[in-house]
Amino acid sequence: MSNPGSDTVPPVRCIVKLGGSSATEKDKFETLNEYLLSATAKQLREAFVISSVRQLTMDWSRGSKADQASPMPEEERLSEILLEMTPFVVVHGAGSFGHFQASKGRVNRGDLAEDFVKAGFVATRISVTKLNHEVVRAFATECIPAVGVSPFCAGWATNNRQLVRENSADVQQLLQAGLLPVLHGDAVLDSGQGCAILSGDVIVRQLAFDLKPSFVVFLTNVPGVYDRPPSDPHAVLLKEIAVEDGDWKIIDPELEAGLEVQTNVAAHDTTGGMETKIAEAASIANFGIPVLVVETGSSHALEALKGTPLSNRSKWVGTIIRKAIPGELGQ
């Protein structure tokens with residue numbers, strides 16, 4: 001359990017990547033998926049938080065659910081919280097917040113000397129921070145001590161779209177204080193081209209390298225990784241993938257020889273889509289940190305957040321990406 005009074009950074013149980021398609025209605029401009037966001041908040045609480053007062057919310061702002069009934073909880077109730085939280089981190093994608101602005105404003109390949117790109121950069125940051133605020137509020141409603149962390153403000157930066165500066169230290173300080181850091185994909189400064197989009201998947205990979213969690217969970221809008229777009233009636237769920245130094249092999253199920261995994265990217269997706277997600281997940285697994293890819297809001301998502309499939313996945317539906325056992329890839 002986290003210990004706010006400790007000088008050492010507590011071991012991180014899990015890093016959760018909440019996909020933009022799960023937190024939002026990705027095809028509806030700046031529209032939350034309130035059902036899945038609420039379901040995820042409840043599952044995060046069940047997996048990582050112990051509190052004696054289950055009805056208490058940490059969102060006391062105007063317009064919150066608490067505001068409709070009782071704007072501020074009684075002080076006597078606050079003393080009853082006895083909150084304990086297993087350290088974890090959440091990074092969420094942008095979904096229908098930010099992607100359209102970034103694409104229209106050419107932020108991912110832009111020059112801030114151009115006024116239109118500068119306007120797109122500002123518009124993108126307004127949109128993604130708006131979503132971050134809503135995600136944090138959803139978690140706070142479930143008595144999770146969540147705080148938003150914007151990579152741009154924390155000094156994360158790129159050079160020709162490659163991450164060159166990160167700030168895991170701030171995340172570690174928040175964990176040490178017993179808080180949940182909630183980061184997001186963001187528009188950041190780029191020393192090579194002026195500005196760029198830093199995807200949540202890249203942030204997860206860097207945090208995994210620095211914080212070394214027990215495992216990472218990717219919450220997506222589909223049950224896992226498929227051999228082709230899930231909309232294809234012949235799509236097959238890949239239950240287990242082993243990786244090592246850029247090479248990877250599908251362990252379960254065995255596919256027909258010659259078949260390759262296909263990926264696709266939406267026209268407005270400025271972060272690389274599923275191809276980036278698989279590549280970053282494989283990089284994390286190569287650190288020796290298993291990655292679980294699972295459908296947001298499902299019972300299987302809750303099991304993944306608890307880490308259950310790592311020891312027993314007999315009835316679990318999802319994909320595990322892990323480091324290969326020596327000799328497993330036939331090298």
### Query
Between the side chain of Asn312 and the main-chain N/O of Ser314, is any donor-acceptor distance below 3.5 Å?
yes
### Message
Tell me every residue that passes side chain to side chain contact (heavy atoms under 4.5 Å, CB included) with Asp170, counting only those two or more places apart in sequence or in another chain.
### Response
Ala154, Asn167, Gln173
### Message
Test side chain to side chain donor-acceptor pair (under 3.5 Å) on Ser22 and Asn221; report intermediate values, then the result.
### Response
CA-CA 5 Å; Ser22 300; Asn221 62 339; 5.6 Å; no
#### Entry: Contacts of type side chain to side chain contact (heavy atoms under 4.5 Å, CB included), residue Ala285, not counting sequence neighbours
Val243, Ile321
### Task
Side-chain contact test, heavy atoms from C-beta onward, threshold under 4.5 Å: evaluate it for Leu131 versus Thr24 and give yes or no.
yes
### Query
In Å, rounded to the nearest 0.5 Å, how long is the span from CG of Leu163 to CD1 of Ile203?
8.5 Å
### Query
Does the Asn33 side chain pair with the main chain of Ala23, one donor and one acceptor, at a distance under 3.5 Å?
no
#### Entry: Nearest-0.5 Å distance, CZ of residue Phe121 to SG of residue Cys195
6.0 Å
### Task
List in chain and number order the residues that pass ring-ring contact (aromatic ring centres under 6.0 Å, His included) with Phe215, two or more places apart in sequence or in another chain; answer none if no residue qualifies.
none
### Query
Excluding sequence neighbours, so at least two apart, what forms salt bridge (Lys or Arg N to Asp or Glu O under 4.0 Å) with Glu114?
Arg106
### Main-chain N/O of Asp245 paired to Asn286 side chain as donor or acceptor, under 3.5 Å
yes
### side chain to side chain contact (heavy atoms under 4.5 Å, CB included) partners of Ala119, counting only residues at least two apart
none
### Task
Would you kindly say whether Asp59 and Ser61 are connected by a side-chain donor-acceptor distance under 3.5 Å?
yes
### Query
Mind checking whether Leu36 and Val136 sit in one hydrophobic cluster, side chains of I, L, V, M, F, W, Y counted as touching below 4.5 Å?
no
### Task
Over all heavy atoms of both residues, which pair between Gly178 and Pro145 is shortest? Give the atoms and the distance, please.
O-CG, 3.6 Å
### Task
Taking the side chain as every heavy atom from C-beta outward, state whether Asp190 and Val164 have any atom pair closer than 4.5 Å.
no
### Task
Drop me the distance from Phe97's CZ to Glu25's CD, to the nearest 0.5 angstrom.
10.5 Å
### Task
Over all heavy atoms of both residues, which pair between Ala41 and Glu142 is shortest? Give the atoms and the distance, please.
CB-CG, 3.7 Å
### Task
Report the C-alpha distance between Ile241 and Ile251 in whole Å, list the side-chain angles of each, state the deciding distance to 0.1 Å, and finish with yes or no for side-chain contact (heavy atoms from CB on, under 4.5 Å).
CA-CA 5 Å; Ile241 300 173; Ile251 304 300; over 6 Å; no
### Query
Are Val171 and Val147 connected in the hydrophobic side-chain network, where two residues link if heavy atoms are under 4.5 Å apart?
yes
### Side-chain touch Lys17/Val217, heavy atoms, less than 4.5 angstrom
no
### Task
Could you tell me how the ring of Phe88 sits relative to the ring of Phe48: parallel (under 30°), tilted (30 to 60°) or perpendicular (over 60°)?
parallel
### Query
Does the Asn108 side chain pair with the main chain of Ile197, one donor and one acceptor, at a distance under 3.5 Å?
yes
### Message
Is there a side-chain contact between Pro309 and Leu292 in this structure, where contact means two heavy atoms from C-beta onward sitting under 4.5 Å apart?
### Response
yes
### Task
Using side chain to side chain donor-acceptor pair (under 3.5 Å) as the criterion, list what pairs up with Thr31, not counting sequence neighbours.
none
### Query
Does Arg322 have any side chain to side chain donor-acceptor pair (under 3.5 Å) partners at least two apart in sequence or in another chain, and if so, which?
Glu240, Glu328
### Task
Write down the atom of Arg109, the atom of Gln193, and the distance for their closest heavy-atom approach.
CA-NE2, 3.6 Å
### Message
Pairing donors with acceptors under 3.5 angstrom, does anything connect the side chains of Ser127 and Gln101?
### Response
yes
All N/O donor-acceptor pairs, side-chain side in residues 179-189, below 3.5 Å, sequence neighbours left out:
from   : atom 1 : to     : atom 2 : distance (Å)
His184 : NE2    : Ser150 : OG     : 2.9
Asp186 : OD1    : Arg125 : NE     : 3.1
Asp186 : OD2    : Arg125 : NH2    : 3.3
Asp186 : OD2    : Phe152 : N      : 3.0

### Summary
Output for pair (Met58 CE, Cys143 SG), nearest 0.5 Å, gives 4.0 Å
Report all side-chain donor-acceptor pairs from residues 300-307 shorter than 3.5 Å, counting only partners two or more places apart or in another chain.
from   : atom 1 : to     : atom 2 : distance (Å)
His300 : ND1    : Val317 : N      : 3.2
Glu303 : OE1    : Thr308 : OG1    : 3.1
Lys306 : NZ     : Glu46  : OE2    : 3.4

### Message
Just to verify, what does Asp252 make a salt bridge (Lys or Arg N to Asp or Glu O under 4.0 Å) with, not counting sequence neighbours?
### Response
Arg313
### Inter-residue atom distance Ile289.CD1 - Arg205.CZ, 0.5 Å rounding
12.0 Å
### Query
What are the two closest non-hydrogen atoms of Gly224 and Tyr226, and how far apart are they?
O-CD1, 3.5 Å
### Task
Answer yes or no: does atom NZ of Lys212 have more than 12 heavy-atom neighbours from other residues, nucleotides or ligands under 6.0 Å?
yes
### Side chains of Thr319 and Lys239 in contact at under 4.5 Å (non-hydrogen atoms)
no
### Query
Say you draw a straight line from OG of Ser38 to CG of Leu32; how long is it, rounded to the nearest 0.5 Å?
11.5 Å
### Query
Can you find a heavy atom in the side chain of Ser103 that is under 4.5 Å from one in the side chain of His99?
no
## Note on the structure
When every non-hydrogen atom of Ser168 is compared with those of Asp210, the smallest separation belongs to OG-OD2, 2.5 Å
### Message
Any non-hydrogen side-chain atom of Val128 less than 4.5 Å from a side-chain atom of Asn132?
### Response
no
### Summary
ring-ring contact (aromatic ring centres under 6.0 Å, His included) filter on Phe287, not counting sequence neighbours, yields Phe209
### Summary
Sorted by chain and residue number, the salt bridge (Lys or Arg N to Asp or Glu O under 4.0 Å) partners of Lys104 (sequence neighbours excluded) come out as none
### Query
Which heavy-atom pair separates Val291 from Ile284 by the least distance, and what is that distance?
CG2-CG2, 3.6 Å
### Query
Considering only heavy atoms from C-beta outward, does the side chain of Thr220 approach that of Ser21 to under 4.5 Å?
no
### Task
Go through the steps to decide whether Val89 and Leu207 satisfy the test side-chain contact (heavy atoms from CB on, under 4.5 Å), and finish with yes or no.
CA-CA 9 Å; Val89 178; Leu207 290 177; 4.1 Å; yes
### Message
What verdict does the side-chain contact (heavy atoms from CB on, under 4.5 Å) test give for Val294 and Phe218, after you've listed the backbone C-alpha separation in whole Å, the side-chain angles of each residue and the deciding distance to 0.1 Å?
### Response
CA-CA 6 Å; Val294 66; Phe218 277 65; over 6 Å; no
